[in-house]
Amino acid sequence: MKYLVTGSSGLIGNQIVLDLEQSGQTVYSCYNNIKPLCGIPTKLNLLNLENISTTFKTIQPDVIIHSAALTDVEKCEMEPKLANSINTKATEIIAKETEHLDSYLIYLSTDYVFDGKKGLYNEIDFPNPLNHYGKTKLTGEKTVETNTSKWSIIRTSTPFGTNSTKKTFPVWLIENLQKNKKVNILEDQFTSPTYVPNLSQIILEIITRKLEGLFHVSGSTRISRFEFAKIIVEKLNLDLSLLNPVKIDVMPWKAKRPVDSSLDISKINSILNTKPFSIEKSLDDYAPQLIDSFSL
């Protein structure tokens, strides 16, 4: 089987390519700017719809994992046309090409499709995004459902792990604390932080079993940003006094964020053999990499 992964230089895409390649699969790792180190590097510009169609027709993949997106929430708010082009229109073309090839599409979406008024959202809860990023990802979901017949949509939350191009929350936090900087951390925003190597293994099981439909796949712990930071600091013996808890309404963001976009993962938990990690398990696995990277 041939696999095609968009966004293969990014946080999630890179891990999926790595895991697929290690399992002996043929993987085309699509990128725009930064050439990936694993898979078969394949240039793909999501703003060039003809390029998308040509690439898919040439490779004819059996499975497509569409992880590429404009994920910068503030940029999406300030440049809505760009966000629409990358997150919605390109996804529509990918879905249509998937259908033409009679292939199977995995689409990576986000907890930001919810307004955050409830938390622990399940797959039948009504989406109501607060910002343009969430709106484009939700529209992307709808184009997948409309334009292809074999698909899975995977919503995740606060992904973190090691990546050369994406600075995730733990890395940002440690970099600041090592400079002895006091950092503002939200104490009233709740998510379900997701360790990317665990997410990748879950996605691979979904693909192997050709499961179809909408799935919430995240870490199993609903936690505030501040508590998340606190666990990282305590696990790595950093300076807890540098964490300054603040409220979400003091942040100078142009785009609104949901207060509680945590996900209910009971559906995926009941179906899969690969289980989502708790925050403690995730950080136990991740800590050695952080210690090595930052010489802690």
Side-chain angles (χ1 to χ4, degrees), residues 4-7 10-13 16 30 46-47 49 52 56 63-73 75-77 80-101 103-159 191-192 194 199-200 202-203 206-207 210-218 255-258 260-268 271:
L4 183 150
V5 180
T6 71
L11 179 64
I12 297 172
I16 292 171
C30 295
L46 294 183
L47 293 173
L49 303 184
I52 297 172
F56 275 61
V63 178
I64 297 101
I65 300 103
H66 181 30
S67 71
L70 181 61
T71 59
D72 185 325
V73 179
K75 188 167 185 175
C76 287
E77 204 70 18
K81 289 184 179 179
L82 179 64
N84 291 342
S85 296
I86 294 174
N87 294 349
T88 300
K89 189 59 184 177
T91 300
E92 180 184 346
I93 299 303
I94 287 170
K96 287 178 177 178
E97 292 300 331
T98 300
E99 184 68 7
H100 291 156
L101 294 168
S103 300
Y104 171 59
L105 176 62
I106 294 269
Y107 175 66
L108 268 293
S109 191
T110 173
D111 55 340
Y112 272 32
V113 299
F114 296 109
D115 59 20
K117 293 179 181 178
K118 179 176 89 72
L120 290 175
Y121 290 95
N122 62 38
E123 289 83 352
I124 63 173
D125 282 320
F126 185 74
N128 183 36
L130 296 179
N131 53 55
H132 197 69
Y133 167 64
K135 290 174 184 175
T136 61
K137 292 300 289 182
L138 181 59
T139 309
E141 290 183 10
K142 292 175 181 175
T143 66
V144 168
E145 295 175 13
T146 303
N147 292 291
T148 189
S149 51
K150 293 188 290 189
W151 55 266
S152 287
I153 293 168
I154 296 174
R155 292 178 182 149
T156 194
S157 173
T158 320
T191 64
S192 303
T194 309
L199 172 63
S200 178
I202 291 173
I203 290 172
I206 289 171
I207 292 169
K210 289 289 176 70
L211 300 178
E212 296 181 13
L214 172 63
F215 302 102
H216 286 182
V217 182
S218 69
K256 290 183 179 179
R257 267 70 161 179
D260 189 345
S261 58
S262 56
L263 298 177
D264 179 340
I265 56 169
S266 55
K267 177 181 175 180
I268 207 74
I271 296 172

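Note that this is a predicted model, so its numbers are computed, not measured. Both backbone and side-chain heavy atoms feed into the values below; hydrogens, waters and symmetry mates do not.
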Looking at [X] and [Y], what are the two nearest heavy atoms and their distance?
X	Y	answer
Ser218	Ile265	OG-CG2, 3.4 Å
Lys256	Asn131	O-ND2, 2.7 Å
Leu263	Arg155	CD1-O, 3.6 Å
Val144	Ala95	CA-CB, 4.1 Å
Ala69	Lys137	CB-NZ, 3.8 Å
Val73	Ala255	CG1-CB, 3.7 Å

Do the side chains of [Y] and [X] get nearer than 4.5 Å, heavy atoms only?
X	Y	result
Glu97	Thr148	no
Ile94	Phe56	yes
Asn87	Cys76	yes
Ile203	Val217	no
Ser103	Lys150	no
His66	Leu105	yes
Glu77	Tyr133	no

[X] [atom1] to [Y] [atom2] distance, which is reported to the nearest 0.5 Å:
X	Y	atom1	atom2	result
Thr98	Leu4	OG1	CG	8.5 Å
Leu49	Lys96	CG	NZ	10.0 Å
Phe215	Ile106	CZ	CD1	8.0 Å
Leu120	Asp260	CG	CG	6.5 Å
Ser85	Leu47	OG	CG	6.0 Å
Leu108	Ile65	CG	CD1	9.0 Å

- [ ] Let me see the working for Lys89 and Glu92 under salt bridge (charged side-chain N to carboxylate O under 4.0 Å, His left out), right down to the final yes or no.
- [x] CA-CA 5 Å; Lys89 189 59 184 177; Glu92 180 184 346; 3.4 Å; yes
TODO: Mind checking ring-ring contact (aromatic ring centres under 6.0 Å, His included) for Tyr112 and listing every partner two or more places apart, or none if nothing turns up?
DONE: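 ring-ring contact (aromatic ring centres under 6.0 Å, His included) check on Tyr112 returns nothing, list empty.
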TODO: Report the residues that fulfil ring-ring contact (aromatic ring centres under 6.0 Å, His included) with Phe114, sequence neighbours left out, ordered by chain and then residue number.
DONE: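 Per chain and number, Phe114 pairs via ring-ring contact (aromatic ring centres under 6.0 Å, His included) with Tyr121, His216.
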Is a donor from one side chain sitting under 3.5 angstrom from an acceptor on the other, for [X] and [Y]?
X	Y	value
Asp264	Asn122	no
Ser152	Tyr104	yes
Ser109	Glu141	yes

Task: Partner of Ser261 under side-chain hydrogen bond (donor to acceptor under 3.5 Å, both in side chains), chosen from Asp111, Thr191, Thr110, Asp115 - done: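 Answer to the side-chain hydrogen bond (donor to acceptor under 3.5 Å, both in side chains) test with Ser261 among Asp111, Thr191, Thr110, Asp115: Asp111.
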Open item on the list: For Lys267, is the NZ atom crowded, meaning more than 12 foreign heavy atoms sit under 6.0 Å from it?
Closed with: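 It does: Lys267 NZ has more than 12 such atoms within range.
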Open item on the list: Would the distance check show the side chain of Thr194 and the main-chain N or O of Thr158 forming a donor-acceptor pair, the cut-off being under 3.5 Å?
Closed with: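 Side chain of Thr194 to backbone of Thr158, a donor-acceptor pair under 3.5 Å: no, none is there.
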Open item on the list: Tell me whether Thr139 contacts the main-chain N or O of Thr88 through its side chain, where contact means a donor paired with an acceptor under 3.5 Å.
Closed with: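 Here the side-chain-to-backbone pair does not exist.
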Open item on the list: Tell me whether Lys118 is salt-bridged to Asp125, with the criterion being a basic N under 4.0 Å from an acidic carboxylate O.
Closed with: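 Looking at Lys118 and Asp125, the cut-off is met.
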